[in-house]
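The structure presented is a predicted model; accordingly, all values stated were derived computationally and were not measured.
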Amino acid sequence: MDTGRPPFAVTMGDACGIGPEIVLKAFAAHAAVPGAPSLVVYGDAGVLARQARALGLALDVVPVARPADAARAGAGRPRVPVIACSDLPAHLPLGRVDARAGAAAHAAIVEASRAAMRGEVRAVVTAPIHKAALAAAGVKHPGHTEILAEVAGVPDVRMMLANDELRTILVTIHVPLRAAIDAITREAVRDTIAIADAGLRRLGVARPRIAVAGLNPHAGEGGLMGREEIETIAPAVADARAAGIDASGPWPGDTVFMRARGFREFDVVVAMYHDQGLIPVKYLGLDSGVNVTVGLPFVRTSVDHGTAFDLAGRGLADPRSLLAAIELATKLAPDR
């Protein structure tokens with residue numbers, strides 16, 4: 001383990017889902033890599049200890065008081081240093097929405113993000129949460145992106161999903177489709193293009209080629225199927241190009257992702273709403289996709305899948321997306 005710099009924070013996710021399992025499996029795999037950066041889990045030590053025993057993993061779950069103690073907890077037998085954010089009961093039912101798990105998941109996200117803001121951790125990597133559990137706990141935000149933005153005090157962040165074949169970034173995120181259409185303004189599209197350009201440059205893309213998807217079938221077909229492309233999206237693309245960004249569109253949503261993936265014409269696709277952008281990336285597989293929040297003052301990556309309640313407690317969860325998220329975080333925040 002790299003013990004000379006602050007660790008990376010990993011949040012445990014919803015305790016009733018596969019979050020604890022994939023965190024433990026990813027930690028075991030990560031600990032075996034020579035020179036790997038140290039990790040610290042924000043979550044519930046009791047939940048993780050019980051899950052490690054159930055999985056038969058040779059890991060010791062060790063509570064620590066602060067992130068700086070994580071590296072010291074990594075000597076000898078593989079250990080999982082945990083900063084306690086909750087104290088959940090031993091018999092918490094798996095595979096079900098539970099307000100206690102939602103509150104615990106929220107607390108872990110908030111505490112890890114605050115640590116990132118203070119520079120105590122180099123990045124935040126998140127395991128999956130359940131939106132219904134957050135709501136049951138009284139959390140006003142529907143997902144990670146909105147919680148992170150509030151903690152960081154930044155109003156304008158975006159969700160980008162990426163794998164080795166395709167990247168997409170969203171203008172609107174966790175809102176109903178009817179509300180998403182109203183939220184697609186010239187300013188929102190223009191700002192998303194700018195955030196995508198800055199985010200890809202941070203990923204090492206020298207001059208990002210940004211495709212902007214249309215909202216309507218055939219990108220509106222010249223106004224025959226809607227005027228959003230003419231009145232909103234095209235002017236935003238023109239604004240971005242005037243600012244020196246290599247943006248183009250609006251392109252028909254049913255072909256632009258193929259052009260980005262198959263023909264490598266674009267480095268990222270700006271999608272207008274949640275499912276338009278996430279379906280193409282997730283269809284390519286959940287094992288290597290990574291969710292990146294672009295626009296935060298710290299690095300945050302995440303798995304691209306949910307809590308998989310149907311797999312909770314069965315030992316079948318795949319940690320590869322979480323490992324990919326940890327790997328990408330180390331590339332994005334090597335010196336933080």
Would you compute the distance between atom [atom1] of [X] and atom [atom2] of [Y] and round it to the nearest 0.5 angstrom?
| X | Y | atom1 | atom2 | result |
| --- | --- | --- | --- | --- |
| Thr307 | His130 | OG1 | NE2 | 4.5 Å |
| Ser38 | Arg122 | OG | CZ | 7.5 Å |
| Ile184 | Ile233 | CD1 | CD1 | 6.5 Å |
| Leu59 | Arg53 | CG | CZ | 12.5 Å |
| Gln51 | Ile22 | CD | CD1 | 11.0 Å |
| Lys282 | Thr168 | NZ | OG1 | 12.0 Å |

Which atoms form the tightest heavy-atom contact between [X] and [Y], and what is the distance?
| X | Y | answer |
| --- | --- | --- |
| Ile245 | Ala194 | CD1-CA, 3.8 Å |
| Ala127 | Val23 | CB-CG2, 4.0 Å |
| Ala188 | Val171 | CB-CG1, 3.9 Å |
| Ala333 | Val299 | CB-CG2, 3.7 Å |
| Ala15 | Ala101 | N-CB, 4.1 Å |
| Pro128 | Val303 | CD-CG2, 3.7 Å |

Side-chain heavy atoms under 4.5 angstrom apart, residues restricted to Ile, Leu, Val, Met, Phe, Trp, Tyr: same cluster for [X] and [Y]?
| X | Y | result |
| --- | --- | --- |
| Ile129 | Val157 | yes |
| Leu200 | Val290 | yes |
| Leu48 | Leu94 | no |
| Leu316 | Leu55 | yes |
| Val269 | Leu278 | yes |

Report yes if some heavy atom in the side chain of [X] is under 4.5 Å from a heavy atom in the side chain of [Y]; otherwise report no.
| X | Y | answer |
| --- | --- | --- |
| Leu148 | Phe298 | yes |
| Ile210 | Ser248 | no |
| Lys25 | Leu323 | no |
| Pro37 | Arg5 | no |
| Pro6 | Glu120 | no |
| Val124 | Phe8 | no |
| Arg50 | Val61 | no |
| Tyr42 | Val110 | no |

If only atom types and distance count, is the side chain of [X] paired as donor or acceptor with the main-chain N or O of [Y] below 3.5 Å?
| X | Y | result |
| --- | --- | --- |
| Arg201 | Ala206 | yes |
| Asp69 | Val64 | no |
| Thr126 | Thr11 | no |
| Glu229 | Leu215 | yes |
| Arg241 | Ala247 | yes |
| Arg209 | Arg264 | yes |
| Asp44 | Asp87 | yes |
| Thr145 | Met159 | no |
| Thr301 | Ala325 | yes |
| Thr172 | Met272 | yes |

Are there more than 12 heavy atoms of other residues, nucleotides or ligands under 6.0 Å from atom CZ of Arg96? no

Can you confirm whether more than 12 heavy atoms, excluding those of Asp164, are under 6.0 Å from its CG atom? no

One pair to check against side chain to side chain contact (heavy atoms under 4.5 Å, CB included): Val10 and Phe27. What are the steps and the verdict? CA-CA 9 Å; Val10 179; Phe27 197 95; over 6 Å; no

Between Arg300 and Ser302, does a side chain to side chain donor-acceptor pair (under 3.5 Å) hold up when you go through it step by step? CA-CA 7 Å; Arg300 180 263 176 164; Ser302 183; 3.3 Å; yes

Given salt bridge (Lys or Arg N to Asp or Glu O under 4.0 Å), test Lys140 with Glu146 step by step and report yes or no. CA-CA 9 Å; Lys140 64 181 179 179; Glu146 296 83 358; over 6 Å; no

I'd like to know if Asp182 and Arg178 make a salt bridge, using a cut-off of under 4.0 Å between side-chain N and carboxylate O. no

Arg186/Asp239 ion pair, N-O < 4.0 Å: yes

Dump the intermediate steps for side chain to side chain contact (heavy atoms under 4.5 Å, CB included) on Asn291 and Met160, then the final yes or no. CA-CA 6 Å; Asn291 181 348; Met160 181 170 72; 5.9 Å; no

Angle between ring planes, Trp251 versus Phe266, binned at 30° and 60°: parallel, tilted or perpendicular? tilted

Between Ile18 and His305, is the side chain to side chain contact (heavy atoms under 4.5 Å, CB included) condition met? List the steps. CA-CA 10 Å; Ile18 63 170; His305 58 75; 3.7 Å; yes

Quick one: do Arg114 and Val151 satisfy side chain to side chain contact (heavy atoms under 4.5 Å, CB included)? Show the steps, please. CA-CA 7 Å; Arg114 288 174 176 169; Val151 174; 3.9 Å; yes

